[in-house]
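Input: a single structure, listed below in structure tokens.
The chains referred to below are lettered A, B, ... by the order of the sequence lines, with proteins before strands, and numbering in each begins at 1. Only heavy atoms go into these numbers, but all of them, side chains included; no hydrogens, no water, no symmetry mates.
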Amino acid sequence: MRDLIKPVSEVLEPVLIEMGLADFDSKSIIGPATDKSHGDLAIPCHQFARILKKSPVEIADEAAEKMNEHLKGIASASSVAGFLNITAESRWLADRLSELVEHPTNGVERNSTRTVVVDYSSPNIAKEMHVGHLRSTVIGDSLVRILEMKGNTVIRENHVGDWGTPFGMLIERLEDLESEGIQPSDALADLGIFYRDARSSFDSDENFRERARRRVVALQSGDEATMARWRQLVDLSFSYFDEVYELLGVLLTKDDVRGESFYDPLLASVVERLDERGLLSNNSGAEVMYPGDWLNREGNPLPLIIRKGDGGYNYATSDLACIIDRTERLGAHDLVYVVGAEQKQHFQMVFAAARIAGFLHEEHTSKHVPFGLVLGSDGGKLKSRSGGAIRLLDLLREAIQRASAAVLNRNPDMTPSEIESIAKSIGIGAVKYSDLKADRTKDYVFDWERMLSFEGETGPYLQYAHARIRSIIAKSGGGASVENPARYTLPSNEETRLAREILAFPDAVDTAASELAPHRICKQLHRISQAFGSFYEHCPVLIEDDSLRVERISLCALTGDILKTGLELLGIDAPSRM
RNA sequence: GGGCGUGUAGCAUAGCCUGGAUAAUGCACCGGCCUCCUAAGCCGGGGACCGCGGGUUCGAAUCCUGCCGCGCCCGCCA
């Protein structure tokens, strides 16, 4: 009800002055009513009692009376227990609804024109993607869509772990397997096993370890045969990542990949630039920076290691190179990192260092968007039934398969290809919604039963509301576009409730964008779906009364469009049948 | 030890930044609703000392403070 505050505050302002409360800002004392049965907005008058030496009840009564005559056509004012309550008139709601129908982006203003880099997903080459990557991918993708809708220029960046010391052992493992006659594509068919075996050889075999070390040196120096192997690892891993991304339906493509290897050649210049500014100091052989007041376990200042004693580089250096690349080459204003909460301090230090070094200026913002761990239903780390790590691909396929059974059960007449497509939308939507619906900073319990039960606050519930709307519209014989009726009349409580929830949608998008919190949109879409469910049961649409029929079809179409738009912002499909 | 985060019905969560009325939603539980646009739905009901103690305030789930539980970080790893 953000739009209601402005006209109400214009009426409230002279009333405040008249009552001797000119010091209060009319806009900031108006808040949403905590109990919607009292109204849309509320002004608690208890705060004025001491100044006016009158009871809050008297003050609220007086203010309500003074306001009412000027609020005609907008709202009505009433008072209860010292609260001045404002309730929008149906007429006012109806006019806002008509505006929304005409609005090109469902009332969401494209009023932000920053260039934003969103860093998300970030899997590691030759390593299985785990549920942490799922969270980063799903949350990051939604943020990209939300920020784009607000008008920003958004650049997706997939900061892939494709460089560094692990590649010595990975390449040597690949060599070993090939000498045993195993094709590289087969060797990497299961990345979890491949990585685990490489690791165990590295840990247990001195000879292998030595070969791995030499291989790292060869990789760093650009040795041709080694680079070919490295390329092979990268390409094969990507085909796996792409399969996951395709199934997930995220925006990420190969063009968005900007891996560690890209920044490697830039690292020396990072050190140079820091050195020029005299920011580096030597700490037992390593070049370090002290960007803040962090302490280590012994209570000594915590260094950010820029160059190791052996001349190698650390993640911090790479992250600084990355910041320079994004601000100076890509012209980014805002940097967003969708990375697990455990790296919070690391990012604080890197951001602080980048400010000190002048890589980030006043016009830049940098935000770590943390998310919690993914836990199994036992409260511990998520594992497969056999106790191993869960392959993301298997997980997504299971989601689709579970959805498929439910779709077939309800629609025995559907063609197999229809079922396949709808099951994918539902299964993936269920996984995404359950990941996005809660505040992302909290740990997250992964529970098949809950997310795919198709009941309650789930992706399928929202999709179902949308599908029912499409079904009505198909039966109405009209087109898919929203017709603006001559005037909405909103004759029932169900209709005004639905109108209110629809009108709150742009607000939810704005909040989600400013807080980088997709769950704000989830919650509002759920409220809209609930309001629609109630409307659906109580307000028949395809009826004889022509003007009401037109109005209700329009309301359905508008609701459907908003649900579709909202689901798109979450990266979730909105099928027309289910 | 230091830092950060988190604690809300049996379970899972929203609300906390920006203090307001009877704390919201879902699952589970109890009771209703399919000759009618998809019952993956709708309507109604029971269930909460908002971790505990202090403080600020006319008013605290929300702000401040102390304690307790849980998690994460404090590596020449990423």
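Residue A:Gln530 places its side chain closer to B:G26 than to any other of B:G26, B:C76, B:G20. Distance from the side chain of A:His346 is smallest to B:A78 among B:G41, B:G20, B:A78. Closest contact between the side chain of A:Lys344 and the listed nucleotides B:C17, B:A39, B:C4 involves B:C4. In this structure, the nucleotide among B:C74, B:A21, B:C77 sitting nearest to the side chain of A:Leu302 is B:C74. Which of B:G1, B:C76, B:C42 sits closest to the side chain of A:Arg297 comes down to B:G1.
Atom name P, nucleotides B:G51 and B:A9: the rounded distance is 8 Å, in whole Å.
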Point to revise | Intermediate values then yes/no, side chain to side chain donor-acceptor pair (under 3.5 Å), A:Asp61 and A:Ser79 | key: CA-CA 6 Å; A:Asp61 283 348; A:Ser79 77; 2.3 Å; yes
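Note on A:Lys54 versus A:Glu62: salt bridge recorded, some NZ/NE/NH1/NH2 to OD/OE distance being below 4.0 Å. Contact check on A:Arg468 versus A:Glu537 returns a salt bridge, with a Lys/Arg side-chain nitrogen under 4.0 Å from an Asp/Glu carboxylate oxygen.
Residue A:Asp439 is classed as a sugar-phosphate contact, given heavy-atom separations below 4.0 Å to backbone atoms only. Across all strands shown, A:Gly533 has heavy atoms under 4.0 Å from sugar-phosphate atoms exclusively, and none from any base. Looking at heavy-atom distances under 4.0 Å, A:Cys539 makes contact with a base. A:Thr34 comes within 4.0 angstrom of a base, heavy atoms only. Using a 4.0 Å heavy-atom criterion, one finds that A:Arg410 contacts the bases of the nucleic acid, with or without backbone contacts as well.
The closest side-chain donor-acceptor pair between A:Ser434 and A:Tyr444 falls under 3.5 angstrom. Defined by atom type and a distance below 3.5 Å, a donor-acceptor pair is present between the side-chain atoms of A:Tyr290 and A:Asn283.
Judged by distance alone with a 3.5 Å cut-off, no donor-acceptor contact links the side chain of A:Thr165 to the base of B:C77. Donor-acceptor pairing under 3.5 Å, judged by distance alone, is present between the side chain of A:Asn85 and the base of B:A21.
Rounded to an integer number of Å, the gap from A:Glu457 CD to B:G15 P is 11 Å. Atom CG of A:Asn300 and atom C1' of B:G2 are 12 Å apart (whole Å).
Under the ring-ring contact (aromatic ring centres under 6.0 Å, His included) test applied with A:Trp163, the options A:Tyr263, A:Trp230, A:Tyr315 reduce to a single match, A:Trp230.
Both thresholds, 5.5 Å between centres and 30° between ring planes, are not jointly met by A:His519 relative to the base of B:A14, so the two rings are not stacked. Both geometric conditions, a ring-centre gap below 5.5 Å and a plane tilt below 30°, are not fulfilled together for A:Tyr464 over the base of B:G41.
Position along RNA chain B of the nearest nucleotide to A:Lys523 versus A:Gln348 favours A:Gln348 as the more 5'-ward residue. Between A:Ala33 and A:Ile426, the residue whose closest nucleotide on RNA chain B is further toward the 5' end is A:Ala33.
Without hydrogens or angle criteria, A:Ser576 side chain to A:Arg470 main chain gives no donor-acceptor distance under 3.5 Å.
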Would you tabulate the pairs of protein nitrogen or oxygen atoms and nucleotide nitrogen or oxygen atoms of nucleotides 44-47 of chain B closer than 3.5 angstrom?
none

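Of the nucleotides present, B:A24 is the one that pairs with B:U13 by Watson-Crick or G-U wobble criteria, both distances under 3.5 Å. Base pairing of B:C70 is made with B:G5, judged by Watson-Crick or G-U wobble geometry with both donor-acceptor distances under 3.5 Å.
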